[in-house]
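Accompanying notes for the structure given below.
All of these numbers come straight from a predicted model, not from anything done at the bench. Throughout, protein chains are lettered first and strands after them, A, B, ... in sequence-line order, and every chain is numbered starting at 1.
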2 protein chains.
Amino acid sequence: MKIGELSRATGTNIETIRYYERIGLLPEPDRTAANYRSYGDPHRARLTFVRHSRELGFTIEEIRSLLDLSDDPARDCSEADRIASRHLAQVEEKIAQLTLLRDELTRIVGRCRGGVAADCRVIEALGDHGHCESAH
Amino acid sequence: MKIGELSRATGTNIETIRYYERIGLLPEPDRTAANYRSYGDPHRARLTFVRHSRELGFTIEEIRSLLDLSDDPARDCSEADRIASRHLAQVEEKIAQLTLLRDELTRIVGRCRGGVAADCRVIEALGDHGHCESAH
DNA sequence: TATGCACCCTGTAGCAACTACAGGGTCAAG
DNA sequence: CTTGACCCTGTAGTTGCTACAGGGTGCATA
């Protein structure tokens, strides 16, 4: 399959596929006589793995480790679990942070009573951390 | 006050202060005879505004608009409210996304039973979107 | 007086993870 | 035989910083 087909099959931008190849996340595919990239099912599976992992928020380096692991079926699975667990912890931390932030923003937005900028409670709140209820 | 003092007073990296000046978020300060930047209270207040807004997740461009607004006290406050409300909506959207993601990751991590990579449920789940319960 | 040290300056390059060209080649249909 | 869709390489841009390299300044101490 050519790069456009792989792109459609996986919902990945063509430029992104070439980028993944450039950084060594995807192997270099064979080329046709016209120097077009030619992909097979293993490429598609690997790209699907990468995209799915990216959607779940794993970094490229984490994905590299996970791919290394799956390329070596005899290795112990615990590293995959460790990477995923650590990532889960980061996501939970991010949710906690954003929740504080949302509460703060809700308070700030709620203060708006219209009028001119000189009296704007939103602008006032942004300039003065003292109005905040939580650390962020 | 010199840049190091401003840095300590606002908890902002020196390089970041110079970066904000370069992109026009902070005005160019006066210079001493030795060409050192010399800041006053208005600079500190403006930088505090910027940092606080950044902590709340506003983009540089949003902050630019908010600063323009506060520089012109006669303008209507509604744009500030609009920017903050839109940002709040984005934060809520992000929380919702991350919550789905967290649930998916929790499911994936929970599947790990140890063993070798060939049988790894984590790696399997990453390679196959079909295991997922929600869109992400 | 020398010298160390903390601080300041400019300018440029790097980070993540793409995205967007510019400027060209290939191929099948009408 | 030309039009249009597709492909190629290489480079530069995005956001919001951060990290140098290579230099100058200012003050205290030996």
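One atom, CG of B:L6, and another, C1' of C:dC7, lie 15 Å apart when rounded to the nearest Å. Rounded to whole Å, atom P of C:dA6 lies 18 Å from atom CD1 of B:I3. We find that CD1 of A:I60 is positioned 9 Å from P of C:dA16, with the value rounded to whole Å. Computed from coordinates, the A:N35 CG to D:dG10 P distance equals 11 Å when rounded to whole Å. To the nearest angstrom, C1' of C:dA17 lies 14 Å from CD of A:E55. The distance between atom CE of B:M1 and atom P of C:dC7, rounded to the nearest whole Å, is 16 Å. Summarising the geometry, the separation between CD on B:E61 and C1' on D:dG16 is reported as 11 Å, rounded to the nearest angstrom. Separating the CZ atom of A:F58 from the C1' atom of C:dA16 is a distance of 17 Å, rounded to the nearest angstrom.
In summary, B:E104 and B:R107 engage in a salt bridge, as defined by a charged side-chain N under 4.0 Å from a carboxylate O. The pair A:E15-A:R18 counts as a salt bridge, with a side-chain nitrogen and a carboxylate oxygen less than 4.0 angstrom apart.
Proximity of residues 9-30 of chain B to DNA chain C (heavy atom under 4.0 angstrom from any strand atom) is restricted to B:I14, B:R18.
Where B:R54 and A:R8 each meet DNA chain D at their nearest nucleotide, the meeting point lying more 5' is that of A:R8.
When all heavy atoms of A:T99 and A:I95 are compared, the closest pair comes out as OG1-O, 2.6 Å. For B:F49 against A:I123, the heavy-atom pair with the smallest separation is CE1-O, 3.4 Å.
At least one side-chain nitrogen or oxygen of A:R37 sits closer than 4.0 Å to the OP1 or OP2 atom of D:dC8. Contact annotation: B:R31 does not reach the phosphate of D:dT25 (side-chain N/O to OP1 or OP2, under 4.0 Å).
Between A:Y20 and A:R54 the shortest side-chain heavy-atom distance falls below 4.5 Å. The shortest distance between side-chain heavy atoms of A:L98 and A:R102 does not fall below 4.5 Å. Counting heavy atoms from C-beta on, the side chains of A:V50 and A:L67 come closer than 4.5 Å.
When each of D:dC17, D:dC7, C:dA17 is scored by its nearest atom to the side-chain atoms of A:K2, the top-ranked nucleotide is D:dC7.
Using a 4.0 Å heavy-atom criterion, one finds that A:T32 contacts no nucleic acid atom at all. A:R64 comes within contact range of no nucleotide atom at all, as no heavy-atom separation falls under 4.0 Å.
One cannot find a donor-acceptor pair under 3.5 Å joining the base of D:dG26 and the side-chain atoms of B:Y36.
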